[in-house]
Amino acid sequence: MQDPSGDKVCRAGGEEDGEDGQHTSRVHDTEADPHHTEASSHRTEGSSHLTETSSRPSEAENGHDNSPHVNRAQDVGTQASPQGSLNSRVPVEARVVVEEAAIAPQGEQAPIIPGPSGDAATTAGSRLLEFSVTVPFRTAVEANIACRTLASNIQQQQVMVQQEFTVNDTILTVRWTTEDPVLFRTSINAFLDQLSLVVRNIPRPVFMAVFKQGRGRNN
Amino acid sequence: MELSGEYVGCDGEPQRLRVSCEASGDADPLQSLSAGVVRMKELVAEFFGTLVEQDAQGLAEDPDDALDGSRTSAC
């Protein structure tokens, strides 16, 4: 395989140059170079083109000894370029990884945000305000009547404020719980208005008792 | 007889409103209680009027931070 290509080169050299001595020496050099070019072509196809193009200027410019050194240097350069590209890629990947790592903490920070708002909600719960009114009646019956009447009326009107009615013997206690002082005022005023009406209506049973006693005396 | 009211804010300190409902002479105890209720209503209006004003002032002082303002005024 190698011999035919060598013969072609010799012929071309012989035809171009006129001196016989120079023809002989050049023929030997060109025979050696194809071996190098073929070896480099076997290794990497891309670099073979570079070596072939570079070998020709070296033959024209310098003597016989410089050409192989130049080829080797070029081979080293071509071999370094892939490594350089790999080296350049690794930092890029590293940067991408760093960016991904940087993004992760930001993503992790998002779930932390509801925490303070949850604490705020807990804090809001501790701001409940309480108001209680204690009303003394003459008898337990009057206290219970007032309690039933007031509870049935006010529960229909007020939904925003929590109310609790308690009767202990002759004492009626009403307790309000809310976060808004304005609702306090509205609810308690409504209660006191109703309480005033209930108290005014209680004397009627006493009046009926007196009337019955009066009828007994007449008979 | 005594008609009483008690307010407990977020600071936990109780504030009391008291109205005496003692019947004088032959007066009906329920009439005294009715009068006491009217008086208590006046005290409640005055008390919560002041409280609401403080709440409003707290909101006005910190318009950007309404929540903190309401907390401060409530206390």
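Just so it is clear: chains get the letters A, B, ... in the order the sequence lines come, proteins before strands, and each one is counted from 1.
A pairwise comparison of heavy atoms in Pro136(A) and Leu33(B) identifies O-CD2, 3.5 Å as the closest pair. Nearest heavy atom pair, residue Leu129(A) against residue Gly9(B), reads CD2-CA, 3.9 Å.
Proximity to chain A among residues 36-45 of chain B is limited to Val37(B), Met40(B), Lys41(B), Val44(B), judged by heavy-atom separations below 4.5 angstrom.
There is no contact between Gln31(B) and chain A, counting heavy-atom distances below 4.5 Å.
With sequence neighbours excluded, the residues forming a ring-ring contact (aromatic ring centres under 6.0 Å, His included) with Phe184(A) are Phe48(B), listed by chain and number.
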Carefully, step by step, assess Val133(A) and Leu17(B) under the rule side chain to side chain contact (heavy atoms under 4.5 Å, CB included). CA-CA 9 Å; Val133(A) 171; Leu17(B) 308 174; over 6 Å; no

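Shown here is Glu2(B), whose CD atom has more than 12 heavy atoms of other residues, nucleotides or ligands within 6.0 Å.
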